[in-house]
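Reviewing the structure listed below.
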Amino acid sequence: MKALADIVGSEHVLVDSDVKASYETDWTQRFTGSAVCVVRPGTTDEVAAVVRACVAEGLRITVQGGNTGLVGGGVPAGGEVLMSLTRLTALGDVDRASSQVTAGAGVTLAVLQARARDAGFDVGVDLAARDSATVGGLVATNAGGIRVLRYGSMRQQVLGLTAVMPDGSVISRMAGLEKDGTGYDLMGLIAGSEGTLAVITEVRVRLVPRYRARAVALLAMSSTAAAVAVLPGLRAALPSLAAAELFYAPGLALVRKHGGLPAPFPEEHEAYLLVECADLTDPTTQLVAAVESADGLVDARIADDASGQRALWAYREAHTESISAEGVPVKLDVSVPITSLPALVEQLEPVIAGVCPGARAIVFGHVNEGNLHVNVLDSGDLHEEVTDAVLRLVASLDGSISSEHGVGRAKVPWLGLSRSSTEIDTMRAIKRALDPAGTLNPGVLFP
């Protein structure tokens with residue numbers, strides 16, 4: 001511990017069990033482990049020195065950002081040094097010429113958004129955990145969120161990064177080049193690697209235009225199939241379409257229960273589709289024209305003012321906290337081909353009931369990507385059986401066991417459902433080449 005204290009200062013090496021506790025359990029409360037200590041470096045040089053010190057002592061490292069992960073990837077398995085990156089909060093001025101900004105790994109998404117918006121730009125990625133989720137964690141997990149439809153996942157927002165390798169050496173490519181054909185895309189490899197290949201310390205982020213004129217609509221649909229079928233027409237009619245979020249009556253009931261929200265419509269409906277478009281001119285007129293003749297549309301509410309838009313978004317964004325208020329859920333983030341989304345929704349309830357009668361499934365997600373967040377409450381001790389049943393259903397529909405949260409430790413046993421043995425062997429070979437001692441994030445992605 002003295003070697004680490006000499007690097008970061010004794011006040012940033014936490015050994016008291018009560019102080020470590022908040023770092024050792026993840027946001028879901030399902031995953032926990034004991035760390036030797038929590039170390040909080042404040043610069044890239046300190047991160048590199050901490051890694052070298054741990055390697056010298058044969059200690060392994062769990063890397064943690066905002067601790068908003070949902071698959072146990074940011075908490076220790078047991079006996080590691082937990083490296084928290086929340087002190088890496090340096091944030092540069094926006095480069096207007098290139099539409100880029102440099103942010104430390106510990107900068108939260110909300111802070112990054114505020115910096116970008118003050119300069120007339122925005123960040124392409126957005127998600128409900130914006131106040132806690134950090135830039136480094138977003139890149140490490142290739143986070144998605146509610147704007148993927150228009151801007152892509154976090155990997156598409158990265159134009160440069162600095163990272164500490166498992167031996168304590170540093171690679172840095174921060175020029176923000178839009179074109180660079182000099183060999184392997186190491187940035188793309190590190191992004192989405194869940195901290196198993198390197199520790200990201202700063203990121204050069206691509207910014208997008210900020211559209212002040214927005215329109216949001218909550219559409220009551222006759223079915224999941226209708227919500228899927230309406231999407232191509234919306235995309236064609238609305239080049240400015242930025243979000244298309246799907247949820248259902250059970251989730252809406254929890255949101256109303258725990259958030260005190262009024263019913264959005266006089267009657268309950270089969271499915272709800274929240275869409276947002278943004279433009280410099282008149283998105284409301286465009287949105288009304290696009291949805292008024294949509295097949296399967298039962299009812300609609302449209303808001304073009306900020307307070308009305310926040311009110312409609314609350315029905316979707318309050319899902320996560322409302323579900324957690326009911327208990328500790330089994331949280332499964334999955335995706336299937338869009339055409340298979342109705343089949344997945346239809347089969348989920350009977351598949352879950354088959355292994356855990358009485359469990360409640362609360363489902364919401366991003367319809368354009370065929371991405372559902374499946375939350376199962378009241379599963380008791382059958383969380384592994386529920387996980388297995390749902391992930392095998394997803395695999396049978398040619399889907400992915402993890403759409404945007406990563407594999408972490410939670411889904412390691414099921415990686416073979418989404419990746420072939422050749423792919424897994426190739427990923428293992430990359431891990432061995434860059435981290436032969438298994439120093440970084442042991443147990444994440446691979447046993």
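Both backbone and side-chain heavy atoms feed into the values below; hydrogens, waters and symmetry mates do not. Nothing fancy with the numbering, it's 1 onward along the sequence.
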Legend entry - Approximate separation, where rounding is to 0.5 Å, of Leu238 CG and Leu149 CG: 10.5 Å
Inset, instruction - Show your working on side chain to side chain contact (heavy atoms under 4.5 Å, CB included) between Thr89 and Thr134 and close with a plain yes or no. - result: CA-CA 9 Å; Thr89 55; Thr134 58; over 6 Å; no
Inset, instruction - Locate the shortest heavy-atom distance separating Gly370 from Ile338; write the atom from each residue and the value. - result: N-CG1, 3.9 Å
Inset, instruction - Quick one: pull up CE in Met187 and CD1 in Ile171 and give me the separation to the nearest 0.5 Å. - result: 9.5 Å
Legend entry - Asp435 side chain to Pro166 backbone, donor-acceptor under 3.5 Å: no
Legend entry - Leu440 CG to Leu434 CG distance, which is reported to the nearest 0.5 Å: 10.0 Å
Inset, instruction - Write down the atom of Val394, the atom of Ser400, and the distance for their closest heavy-atom approach. - result: CG1-O, 3.5 Å
Inset, instruction - Please answer whether the main-chain N or O of Thr439 pairs with a side-chain N or O of Arg60 as donor and acceptor at a distance below 3.5 Å. - result: no
Inset, instruction - Looking only at non-hydrogen atoms, find the nearest pair between Phe121 and Ser99 and report the distance. - result: CE2-OG, 3.3 Å
Inset, instruction - Please name all residues satisfying salt bridge (Lys or Arg N to Asp or Glu O under 4.0 Å) with Asp388, sequence neighbours left out, ordered by chain then number. - result: Arg392
Extract all donor-acceptor atom pairs below 3.5 Å that involve side chains of residues 62-76 and protein atoms in other chains or at least two apart in sequence.
{"unit_1": "Thr62", "atom_1": "OG1", "unit_2": "Glu80", "atom_2": "OE2", "d": "3.1"}
{"unit_1": "Gln64", "atom_1": "NE2", "unit_2": "Tyr23", "atom_2": "O", "d": "2.8"}
{"unit_1": "Gln64", "atom_1": "NE2", "unit_2": "Gly74", "atom_2": "O", "d": "2.8"}
{"unit_1": "Asn67", "atom_1": "ND2", "unit_2": "Ser22", "atom_2": "O", "d": "3.3"}
{"unit_1": "Asn67", "atom_1": "ND2", "unit_2": "Thr25", "atom_2": "O", "d": "3.0"}

Inset, instruction - Start with the C-alpha gap between Arg147 and Glu276, add the side-chain angles, then the distance that decides, and say whether salt bridge (Lys or Arg N to Asp or Glu O under 4.0 Å) holds. - result: CA-CA 10 Å; Arg147 310 287 182 208; Glu276 178 177 294; 2.9 Å; yes
Legend entry - Point-to-point distance, once rounded to the nearest 0.5 Å, from CG of Leu377 to NZ of Lys331: 8.5 Å
Inset, instruction - Decide yes or no on side chain to side chain contact (heavy atoms under 4.5 Å, CB included) for Ile424 and Leu415, but give the supporting numbers first. - result: CA-CA 8 Å; Ile424 294 173; Leu415 182 59; 4.1 Å; yes
Inset, instruction - Give the intermediate values and the outcome of side chain to side chain contact (heavy atoms under 4.5 Å, CB included) for residues Val123 and Val208. - result: CA-CA 6 Å; Val123 181; Val208 300; over 6 Å; no
Inset, instruction - Sequence neighbours left out, what passes salt bridge (Lys or Arg N to Asp or Glu O under 4.0 Å) with Arg155? Give chain and number order. - result: none
Legend entry - Asp333 (side chain) donor-acceptor with Gly406 (main chain) under 3.5 angstrom: no
Inset, instruction - Please identify each residue that fulfils side-chain hydrogen bond (donor to acceptor under 3.5 Å, both in side chains) with Ser421, with sequence neighbours left out. - result: none
Inset, instruction - Just do the side chain to side chain donor-acceptor pair (under 3.5 Å) check on Glu404 and Asn142 with the steps written out, would you? - result: CA-CA 7 Å; Glu404 59 180 2; Asn142 188 30; over 6 Å; no
Inset, instruction - For Asp122, check salt bridge (Lys or Arg N to Asp or Glu O under 4.0 Å) against everything at least two apart and list the hits. - result: Arg117, Arg214
Inset, instruction - Could you tell me which residues satisfy salt bridge (Lys or Arg N to Asp or Glu O under 4.0 Å) with Asp305, sequence neighbours excluded, listed by chain and number? - result: none
Inset, instruction - Indicate yes or no for a side-chain donor-acceptor contact from Gln286 to the backbone of Ala237 under 3.5 Å, with no hydrogens or angles considered. - result: no
Inset, instruction - Taking ring pair (Phe, Tyr, Trp, His ring centres under 6.0 Å) as the test, write out the residues that go with His269, two or more places apart. - result: Phe265
Determine all donor-acceptor pairs shorter than 3.5 Å in which one atom belongs to a side chain in residues 341-352; sequence neighbours excluded.
{"unit_1": "Gln347", "atom_1": "NE2", "unit_2": "Ala343", "atom_2": "O", "d": "3.4"}

For a quick test of your reading: what N or O donor-acceptor pairs under 3.5 Å do the side chains of residues 196-207 make, sequence neighbours left out?
{"unit_1": "Thr196", "atom_1": "OG1", "unit_2": "Ser193", "atom_2": "O", "d": "2.7"}
{"unit_1": "Thr201", "atom_1": "OG1", "unit_2": "Thr44", "atom_2": "OG1", "d": "2.8"}
{"unit_1": "Thr201", "atom_1": "OG1", "unit_2": "Thr162", "atom_2": "O", "d": "3.3"}
{"unit_1": "Glu202", "atom_1": "OE2", "unit_2": "Thr162", "atom_2": "OG1", "d": "2.9"}
{"unit_1": "Arg204", "atom_1": "NE", "unit_2": "Gln100", "atom_2": "OE1", "d": "2.9"}
{"unit_1": "Arg204", "atom_1": "NH1", "unit_2": "Thr102", "atom_2": "OG1", "d": "2.8"}
{"unit_1": "Arg204", "atom_1": "NH2", "unit_2": "Asp95", "atom_2": "OD2", "d": "3.3"}
{"unit_1": "Arg206", "atom_1": "NE", "unit_2": "Gln156", "atom_2": "O", "d": "3.2"}
{"unit_1": "Arg206", "atom_1": "NH1", "unit_2": "Glu178", "atom_2": "OE1", "d": "2.9"}
{"unit_1": "Arg206", "atom_1": "NH1", "unit_2": "Glu178", "atom_2": "OE2", "d": "3.0"}

Inset, instruction - Answer with yes or no whether the side chains of Arg235 and Asn368 bring together a donor and an acceptor at under 3.5 Å. - result: yes
Inset, instruction - Could you tell me whether Arg310 and Glu317 make a salt bridge, using a distance below 4.0 angstrom between a side-chain N and a carboxylate O? - result: no
Inset, instruction - Look only at the side chain of Arg115 and the backbone of Ala110, and say whether a donor-acceptor pair between them is shorter than 3.5 Å. - result: no
Legend entry - Of all pairs that satisfy ring-ring contact (aromatic ring centres under 6.0 Å, His included), the ones with a partner from residues 346-369, not counting sequence neighbours: His319-Phe364, Phe364-His373, His366-His373
Inset, instruction - Go through the side-chain N and O atoms of Asp282 and Thr285 and say whether any donor and acceptor fall under 3.5 Å apart. - result: yes
Inset, instruction - Could I get the full list of side-chain hydrogen bond (donor to acceptor under 3.5 Å, both in side chains) partners for Arg173, not counting sequence neighbours? - result: Asp180
Inset, instruction - Check whether any side-chain N or O of Gln157 sits under 3.5 Å from a backbone N or O of Ser153 as a donor-acceptor pair, and report yes or no. - result: yes
Inset, instruction - For Ala140 and Gly195, work out which heavy atoms get closest and say how close. - result: CB-N, 4.2 Å
Legend entry - Nearest non-hydrogen partners of Ala226 and Ser223, listed with the distance: N-OG, 3.0 Å
Inset, instruction - Return yes when atom CD of Glu292 has more than 12 non-hydrogen atoms of other residues, nucleotides or ligands closer than 6.0 Å, and no otherwise. - result: yes
Inset, instruction - Could you go through the side chain to side chain contact (heavy atoms under 4.5 Å, CB included) check for Tyr315 and Leu274 one step at a time? - result: CA-CA 9 Å; Tyr315 291 114; Leu274 183 77; over 6 Å; no
Inset, instruction - Give a yes or no answer on whether the side chain of Ser335 reaches the backbone of Asn371 with a donor-acceptor pair at less than 3.5 Å. - result: no
Legend entry - Inter-residue atom distance Glu385.CD - Thr387.OG1, 0.5 Å rounding: 8.5 Å
Legend entry - Result of checking Thr320, Val148, Ile146, Leu109 against Leu127 for side chain to side chain contact (heavy atoms under 4.5 Å, CB included): Leu109
Inset, instruction - Working to the nearest 0.5 Å, report the span between OH of Tyr272 and CZ of Arg316. - result: 15.5 Å
Legend entry - Backbone N/O of Leu382 and side chain of Ser379: donor-acceptor pair under 3.5 Å: no
Inset, instruction - Please lay out, stage by stage, how Thr422 and Ser420 fare under the test side chain to side chain donor-acceptor pair (under 3.5 Å). - result: CA-CA 5 Å; Thr422 301; Ser420 68; 4.6 Å; no
Legend entry - Residue pair Ala314 / Leu261: nearest heavy atoms and the distance that separates them: CB-CD1, 4.0 Å
Inset, instruction - Kindly write out the residues that satisfy side-chain hydrogen bond (donor to acceptor under 3.5 Å, both in side chains) with Lys20, not counting sequence neighbours, or none if the list is empty. - result: none
